[in-house]
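Worksheet for the structure shown next.
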Amino acid sequence: MAQERKVALAGAAHLELVSGVIQLRPEDAMVDAMLRGWRAQQMSRGLKEDTIAGRERLIRRFHEFTNEYPWSWLPGHMDEWSASLTSERHLAPSTIRSYQGDVRQFTEFLIDGRYGWAVACEDAFGTHPVAICHEWNTIAHLNDYEGDPEARPFSRDELQRFLDYADDQVDRAVRSKRKGALAAYRDATLFKVIYGWGLRRTEASKLDLADFGRNPKARQFGRYGTLNVRYGKAKKGQPPRRRNVLSVMDWAVDAVQDYVENIRPQLGCEDHPALWVTERGGRVKPSEINARFVAYREALKLPEALVPHSLRHSYVTHLTEDGVDRRFIQQQVGHECDSSTAIYTHVSDDFMNTALSKALNPAFDEAPTRKDR
């Protein structure tokens with residue numbers, strides 16, 4: 001009988017440890033080898049470098065916090081560390097859970113018999129790593145939404161005021177003949193695009209001119225019938241997810257077409273691929289979008305609960321109120337689960353009253369009103 005061939009897994013101890021070499025600091029050398037092995041194991045799974053590097057930094061911080069080596073870590077260390085993240089650093093539960101998940105993955109890698117780290121530690125130090133993350137000392141993901149409960153979409157009136165104010169800044173700059181008119185026009189259009197296509201702030205900042213395309217079933221929108229979002233929110237360790245968003249708001253299409261054809265050329269960046277360019281020839285950053293948004297919100301004395309992401313929430317809510325199919329909205333915003341779309345939906349009292357009337361009286365068929373931009 002042929003002898004079964006044993007395949008070495010990426011990250012296995014015998015691949016990372018140098019045999020026959022006496023280390024001056026064997027404990028530190030073992031930790032470095034473990035992290036190299038974990039890196040190799042994650043790379044074999046196709047995870048991104050940024051994700052791997054971030055996890056390694058977190059493990060080193062946990063190692064520094066405990067002042068113990070991984071083969072001496074105990075569940076109590078996780079308890080103490082989690083408590084410090086809550087009481088001293090005041091991190092959000094979702095952030096703490098993410099940190100705990102990284103530690104859990106590292107320790108599970110170490111105790112997995114296929115990689116041989118437990119045996120290597122036993123041979124070198126007379127002890128071995130154990131599981132330290134359990135259901136009683138980590139945060140469970142029980143809720144679909146763990147963001148700020150104060151966050152909400154714009155009401156239609158608030159949205160109208162916000163976009164009108166953005167347009168007014170352009171008119172004021174033109175009338176006063178001061179600098180900044182082009183930038184104000186760009187930002188006013190940017191906010192309309194975030195709302196008009198239900199985008200995240202980062203997604204909008206990374207748009208290129210070439211990302212707009214035609215939709216043969218909506219010829220009235222010309223070359224702005226669809227938007228290819230290339231930098232959608234990624235799953236942890238994975239590349240950005242792409243999606244195509246169909247144009248549904250004619251006034252938003254008119255706004256971006258006017259900007260591309262009449263305003264952007266004046267910024268003098270003909271060779272730059274970005275849709276949103278600065279007067280110095282760079283790409284507008286998410287932080288700059290946030291700064292302009294906050295300035296407008298404060299000038300209008302709108303609630304601080306309104307943030308750039310509220311425009312995306314508003315897109316989902318207002319389309320829902322307008323009777324657009326829920327599945328279509330889910331695909332537009334790139335949600336895998338309908339429960340995520342439901343979290344974004346905060347319909348008005350008028351909509352709820354109308355829905356209740358329809359439920360109680362099937363003959364009720366009042367057409368919903370809509371205040372168009």
Side-chain angles (χ1 to χ4, degrees), residues 153-168 170-171 182 184-201 203-232 242-267 270 273-277 284 311-335 341 344-345 347-348 351 365-373:
F154 284 80
S155 68
R156 292 182 187 262
D157 178 66
E158 289 171 335
L159 179 67
Q160 192 76 43
R161 288 175 57 203
F162 184 87
L163 296 181
D164 284 346
Y165 184 83
D167 288 337
D168 289 343
V170 182
D171 296 336
L182 294 177
Y185 200 110
R186 175 203 65 209
D187 292 343
T189 309
L190 191 155
F191 290 132
K192 295 170 187 175
V193 168
I194 291 178
Y195 170 73
W197 280 266
L199 304 180
R200 299 178 177 89
R201 181 184 56 180
E203 293 173 347
S205 70
K206 293 185 177 181
L207 290 177
D208 285 348
L209 284 167
D211 290 335
F212 280 103
R214 298 181 181 275
N215 180 0
K217 295 186 178 181
R219 298 182 183 278
Q220 70 273 22
F221 295 144
R223 64 168 294 241
Y224 301 96
T226 184
L227 180 59
N228 180 21
V229 178
R230 293 175 294 111
Y231 289 90
R242 290 173 174 257
R243 72 178 187 279
N244 284 324
V245 184
L246 301 182
S247 305
V248 295
M249 301 180 185
D250 51 4
W251 62 266
V253 170
D254 292 341
V256 73
Q257 181 177 6
D258 181 47
Y259 164 77
V260 170
E261 297 178 359
N262 302 313
I263 303 303
R264 190 184 179 284
Q266 298 183 50
L267 292 168
E270 294 83 0
L275 178 61
W276 317 112
V277 291
V284 171
L311 293 168
R312 176 172 158 89
H313 280 234
S314 304
Y315 173 86
V316 173
T317 296
H318 296 168
L319 288 185
T320 300
E321 292 181 343
D322 290 343
V324 177
D325 181 75
R326 180 66 160 267
R327 176 61 178 168
F328 174 78
I329 299 174
Q330 180 183 337
Q331 292 176 335
Q332 289 280 91
V333 295
H335 287 158
T341 308
Y344 274 41
T345 307
V347 294
S348 66
F351 176 83
D365 192 27
E366 178 184 347
T369 59
R370 176 181 177 182
K371 184 176 181 181
D372 289 324
R373 168 74 187 137

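A quick note: this is a predicted structure, and the numbers were derived from the prediction, not measured.
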My understanding is that only residues two or more places apart in sequence, or in another chain, count here; which of them pass salt bridge (charged side-chain N to carboxylate O under 4.0 Å, His left out) with Arg230?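 For Arg230 the salt bridge (charged side-chain N to carboxylate O under 4.0 Å, His left out) partners, ignoring immediate neighbours, are Asp208, Asp211.
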
With Arg243, which residues qualify under salt bridge (charged side-chain N to carboxylate O under 4.0 Å, His left out), at least two apart? Glu203

Residue pair [X] / [Y]: nearest heavy atoms and the distance that separates them:
X: Arg312; Y: Gly198; value: NH1-O, 2.7 Å
X: Thr317; Y: Pro153; value: OG1-CG, 3.8 Å
X: Asn244; Y: Gln332; value: O-OE1, 4.2 Å
X: Val248; Y: Gly196; value: CG2-O, 4.5 Å
X: Val256; Y: Thr189; value: CA-CG2, 3.8 Å

For [X], enumerate each residue passing the ring-ring contact (aromatic ring centres under 6.0 Å, His included) test, keeping only those at least two apart in sequence or located in another chain.
X: Tyr315; answer: none
X: Phe221; answer: none
X: Phe328; answer: none

Can you tell me how the ring of Phe162 sits relative to the ring of Phe191, calling it parallel under 30°, perpendicular over 60° and tilted otherwise? perpendicular

Mind telling me whether Phe212 and Trp197 have parallel, tilted or perpendicular rings, with 30° and 60° as the class edges?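 Rings of Trp197 and Phe212: perpendicular, as their planes differ by over 60°.
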
Sub-4.5 Å side-chain heavy-atom contact between [X] and [Y]:
X: Leu227; Y: Leu207; result: yes
X: Leu311; Y: Leu159; result: yes
X: Ile263; Y: Arg186; result: no
X: Arg264; Y: Leu209; result: yes

Could you go through Lys192 and Asp254, starting from their C-alpha distance and side-chain angles, then the distance that decides it, and tell me whether this counts as side chain to side chain contact (heavy atoms under 4.5 Å, CB included)? CA-CA 10 Å; Lys192 295 170 187 175; Asp254 292 341; over 6 Å; no

So with a 6.0 Å cut-off around OH of Tyr165, is the heavy-atom count from everything else above 12?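 It does: Tyr165 OH has more than 12 such atoms within range.
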
Checking [X] side chain against [Y] main chain: does a donor-acceptor pair fall under 3.5 Å?
X: Arg223; Y: Gly213; value: no
X: Ser314; Y: Phe154; value: yes
X: Tyr259; Y: Leu275; value: yes

For [X], what residues pass the side-chain hydrogen bond (donor to acceptor under 3.5 Å, both in side chains) criterion, not counting sequence neighbours?
X: Asn215; value: none
X: Trp276; value: none
X: Glu158; value: Arg152, Ser155
X: Arg242; value: none

As an exercise, state the distance from CD of Gln330 to CG of Asp325, rounded to the nearest 0.5 Å. 9.5 Å

For Gln331, all residues meeting side chain to side chain contact (heavy atoms under 4.5 Å, CB included), sequence neighbours excluded: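 Arg327.
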
